[in-house]
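Structure, as structure tokens:
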Amino acid sequence: QVQLVESGGGLVHPGGSLRLSCAASGSIVSIYTMGWYRQAPGKQRELVADITSIGTNYADSVKGRFTISRDNAKNTVYLQMNSLKPEDTAVYYCNADIRTWTGTDWRRGNYWGQGTQVTVSS
């Protein structure tokens, strides 16, 4: 009923930049928190950044380098990643807290994208 589709991952040299996008589609009524998580090999998934109508929140490791933003009209969240480091290498996942209309009632759920690989290497 709801799909999150990410794009923008790839291979970049240390110090480079990438911009990730995540578009939500489906029977969406409202989107509350939208965020980005990442999971490196052998590690747990961790929050990178999230954004609500109130503000933004970042992991300490990305503060000053990454910027999260959203376009509510497009149901899309972005992650601008600058000054990338090898330790930023991971699969990046989009996450969203969404209210939907099923045709008979309202539902609120947490949804994940399929993930996009970001590799930072020389």
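Numbers here are sequence positions counted from 1. On a predicted model such as this, the values are computed, not experimentally measured, just so you know. Heavy-atom basis, side chains included; hydrogens, waters and symmetry copies ignored.
We find the CD1-OG1 distance between I68 and T56 to be 8.0 Å, quoted to the nearest 0.5 Å. Atom-to-atom distance recorded for L18:CG and T119:OG1 is 9.5 Å, nearest 0.5 angstrom. Between the CZ atom of R107 and the OG atom of S27 there is a distance of 11.5 Å, given to the nearest 0.5 Å. The distance from the CG atom of L4 to the CE atom of M34 is 6.5 Å, given to the nearest 0.5 Å. Between L47 atom CG and S61 atom OG the span is 9.5 Å, to the nearest 0.5 Å. Summarising the geometry, atom CG belonging to L79 is positioned 11.0 Å from atom OG1 belonging to T116; distances are rounded to the nearest 0.5 Å.
With hydrogens and angles ignored, the 3.5 Å screen pairs a side-chain donor or acceptor of R65 with a backbone N or O of S83. In this structure, E6 contributes its side chain and G115 its backbone to a donor-acceptor pair below 3.5 Å.
At least one side-chain heavy atom of M81 sits less than 4.5 Å from a side-chain heavy atom of L20. Here the side chains of T52 and N57 are not in contact, with every heavy-atom distance at 4.5 Å or above. Contact of the V48 side chain with the Y92 side chain is registered, since non-hydrogen atoms from C-beta on lie closer than 4.5 Å. Using a 4.5 Å heavy-atom cutoff, the side chains of R45 and R38 are not in contact. Side-chain contact between R99 and W106 is present, with at least one heavy-atom pair separated by less than 4.5 Å. Counting only heavy atoms from C-beta outward, the side chains of N75 and I28 approach each other to under 4.5 Å. Looking at heavy atoms from C-beta onward, N95 lies in side-chain contact with N110 at the 4.5 angstrom threshold.
The heavy-atom pair separating P14 from S122 by the smallest distance is CD-N, 3.7 Å. The two atoms that bring A49 and Y58 nearest to each other are CB-CD2, 3.6 Å, heavy atoms only. The nearest pair of heavy atoms linking G9 to V118 is CA-CG2, 4.2 Å. Shown here for S21 and Y78, the closest heavy-atom pair between the two residues is OG-CD2, 3.3 Å. Nearest heavy-atom pair, V77 versus C94, reported as atom, atom and distance to 0.1 Å: CG1-SG, 3.8 Å.
Checked for salt-bridge contact, D60 and K63 meet the test: a charged N lies under 4.0 Å from a carboxylate O.
Taken together through direct or relayed side-chain contacts under 4.5 Å among Ile, Leu, Val, Met, Phe, Trp and Tyr, V62 and V12 form part of one hydrophobic cluster. Residues I51 and I98 share a single hydrophobic cluster, defined by chaining ILVMFWY side chains whose heavy atoms lie under 4.5 Å apart.
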(message) If you apply the rule side chain to side chain donor-acceptor pair (under 3.5 Å), what do you find for T33 with D97, and how did you get there?
(response) CA-CA 5 Å; T33 305; D97 180 13; 4.9 Å; no
(request) Just do the side chain to side chain donor-acceptor pair (under 3.5 Å) check on E87 and T89 with the steps written out, would you? (result) CA-CA 5 Å; E87 50 264 44; T89 295; over 6 Å; no
(message) Determine whether Q80 and S17 satisfy the following criterion, side chain to side chain contact (heavy atoms under 4.5 Å, CB included), listing intermediate values before the conclusion.
(response) CA-CA 7 Å; Q80 178 66 45; S17 298; 4.0 Å; yes
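For residues 2-48, the pairs satisfying ring pair (Phe, Tyr, Trp, His ring centres under 6.0 Å) are Y37-W112, with sequence neighbours left out.
When the shell of 6.0 Å around CD of Q1 is examined, it contains more than 12 heavy atoms from other residues, nucleotides or ligands.
At a cut-off of 3.5 Å, with distance as the only test, a side-chain donor of T102 or T104 sits close to an acceptor on the other residue.
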